[in-house]
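All chains are named by letter (A, B, ...) in the order of the sequence lines, taking the proteins before the strands, and each is independently numbered beginning at 1.
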Amino acid sequence: MKFGILVNEGPYNHQASDTAYQFCKAAIEKGHEIFRVFFYYDGVNNATRLGEPPSDDRNVTKNWAKLAEDHKVDLVVCVAAGLRRGIVEGNLAPGFRISGLGQLIEAGIQTDRLVTFGD
Amino acid sequence: MKFGILVNEGPYNHQASDTAYQFCKAAIEKGHEIFRVFFYYDGVNNATRLGEPPSDDRNVTKNWAKLAEDHKVDLVVCVAAGLRRGIVEGNLAPGFRISGLGQLIEAGIQTDRLVTFGD
Amino acid sequence: MSTLHTVNKSPFERNNLEACLGHAQPGDAILLIEDGVIAALAGGSLEGKMADAAKTFKLFALGPDLAARGLDPARIVAGIKVVDYGGFVDLTAENKAINAWL
Amino acid sequence: MSTLHTVNKSPFERNNLEACLGHAQPGDAILLIEDGVIAALAGGSLEGKMADAAKTFKLFALGPDLAARGLDPARIVAGIKVVDYGGFVDLTAENKAINAWL
Amino acid sequence: MDEMESGIVKKFMFVNRKPPHGTVYALEVLEMVLISAAFDQDVHLAFLDDGVLQIKKGQTPAGIGVKNFSPTYRALEGYDIEKLYVEAESLAERGLTEDDLLVPVEVISRADMGKLMAEMDVVMTA
Amino acid sequence: MDEMESGIVKKFMFVNRKPPHGTVYALEVLEMVLISAAFDQDVHLAFLDDGVLQIKKGQTPAGIGVKNFSPTYRALEGYDIEKLYVEAESLAERGLTEDDLLVPVEVISRADMGKLMAEMDVVMTA
């Protein structure tokens, strides 16, 4: 089955991004496809490459980047929401790309299920 | 009277930072002193210099920076919370400085009133 | 000396106002700000509760937040006084401590 | 085909679960995740409400979120089934649409 | 765009349960809704709980220093987004009536809102 | 540091009303509390509503991929932070008892919690 994922909140402050990540891992393990993960609202903050969480905690951004690398998952940051909050090409982490909201609507159309994680 | 201000949430996603800013402006107009504004939790995201909100909307970061310039307000971003979320010297907006949580406790001790704005 | 309590969330969505009312002391000031001003709406299911609260506490609502949401100060629960940001500042100065019910 | 509803906030703090229960259709699946698992706690003031809901809906709670919070699966309301992330994925596949009550 | 010519038409619902201004969700959902208009989908907007306040008349956020985006709801019709549903119980709980709303909507009961939601293919919430 | 030698001793209260793990507040409040220990203030911690879950025994967040910071509450005593208050009604509403908590606390009624809060000089909430 083909999944689209919407992440509404940034890293650490809310569990949304962690749950979305665990969901994606489990879906891939079960043989499903993650068509796209779209980061909107404060969710764009997951894509900063400048974050350095304490070494004994998870690194949310790197978790996503590794998932993208290992399983060719398309990680898309909303350009308008990112610009508002200071997530731009200059501080974008590897594995993410910036594009328009249309990519989210497209994910809603092209996938079998769209799953939202938020506050 | 001497005020300390704690901002718990980032710009745009929550009104907290806007309300804190309006509160500070009104306090200064009434002759009070804003001893320090401390940005903690997602509040550190107010200090990015990379944000570019739509031109017909307010620029939260620039509002704070102008207040700091006009009235010598001390804007302090928590170093640990900032590091976790990718707010570091490299993308810090003018008018803000990075320091430790002790600066917040100090504000609680040294001011007449500490006012918190959050989610 | 009394405490100023701030409530910034709608009582329909969250338990902040309920928690505030359960802990504030008689005579304390409670200021509704941001989405908290929704609690001030007259004619709805919370009007009785708010009218009761106005007997025990000094209730205030932030005018700019009412205006932002299109809420008419003439249509809020009796006993809630509308203040601006300057009034908010005065309330923090008049009370000993500020308890933000987040 | 039925809908999967997800609820990620505590019913003590927010109205998400209440809103979900007010709109879900009989036979729909409701999955408690993140702080939403607090609704599953047995022996508290919400147990009756949850036991009633279990008669109309298929109730689930995410095991890793229960464990994170130190909530013993043996002490949750009867009728709530515990699933892991794989079970969450299965629920999304088995239902037509997913409604996240944020 | 490819996706605009996919030929697939799904029932989309944007569920609005949060009040405007206190958080950004109302504004950024609206931006999402406007984009969706380009995809020729069957778009529904639901306003329930505090979400009914998003389309309250007379919003004047200048005093809180925030942009007034509420006139944009009036522009939705121009994008052929005309299926706006408001929950009757949510209005009543807040002492509001249909006259308080700035756009034409269909006011339906909570029970009917639940049934309508059950017909959707994609539900977007914030 | 100057501030650590100010001689001023205020009653500080850190109010915890949110559950752990779903949001970062519990963790980052704890970091704030640890720092406050260096300032020789009269520090109080209050756990009420879902905040009582912050000190629930047996927290095992490995499965959600998050660090387990709950043992840190046990370390507070070593920093001379010993005034921990838990609201009785909040425990009961959640089917919990004092035995469920991982640190020694004083369980007090909601009414007494309100009175205690009224004595504070600085109240920090998240």
Separation of A:F117 CZ from D:T6 OG1 (nearest 0.5 Å)
7.5 Å

Count the heavy atoms of every other residue, nucleotide or ligand shown that sit under 6.0 Å from NZ of A:K66, and state whether that count exceeds 12.
no

Mind listing the closest non-hydrogen atom pair of A:A26 and D:G86 along with its distance?
CB-N, 3.9 Å

Determine whether A:D119 and D:R14 satisfy the following criterion, salt bridge (Lys or Arg N to Asp or Glu O under 4.0 Å), listing intermediate values before the conclusion.
CA-CA 11 Å; A:D119 178 34; D:R14 302 209 197 178; 3.4 Å; yes

Quick one: do the D:D35 and A:Q15 side chains pair a donor with an acceptor below 3.5 Å?
no

Closest heavy-atom pair, D:L102 versus A:N8, reported as atoms and distance to 0.1 Å, is CD1-ND2, 3.4 Å

Where do D:F88 and A:T19 come nearest, in terms of heavy atoms and distance?
CE1-CG2, 4.3 Å

Spacing of D:L62 atom CG and A:F23 atom CZ [to the nearest 0.5 Å]
10.5 Å

Between D:N8 and A:G118, the two heavy atoms sitting closest are ND2-O, 2.8 Å

Among D:D84, D:D65, D:T92, which has the most heavy-atom pairs under 4.5 Å with chain A?
D:T92

Can you tell which part of D:I33 gets under 4.5 Å to a heavy atom of chain A, answering side chain, backbone, both or neither?
side chain

Part of A:L6 within contact of chain D (heavy atom distance under 4.5 Å):
neither

Pick whichever of A:M1, A:H14, A:K30 has the most heavy-atom pairs under 4.5 Å with chain D.
A:K30

Contacting moiety of A:D18, where chain D heavy atoms sit under 4.5 Å
neither

Side-chain donor/acceptor of A:R113 to backbone N/O of D:N95, under 3.5 Å:
yes

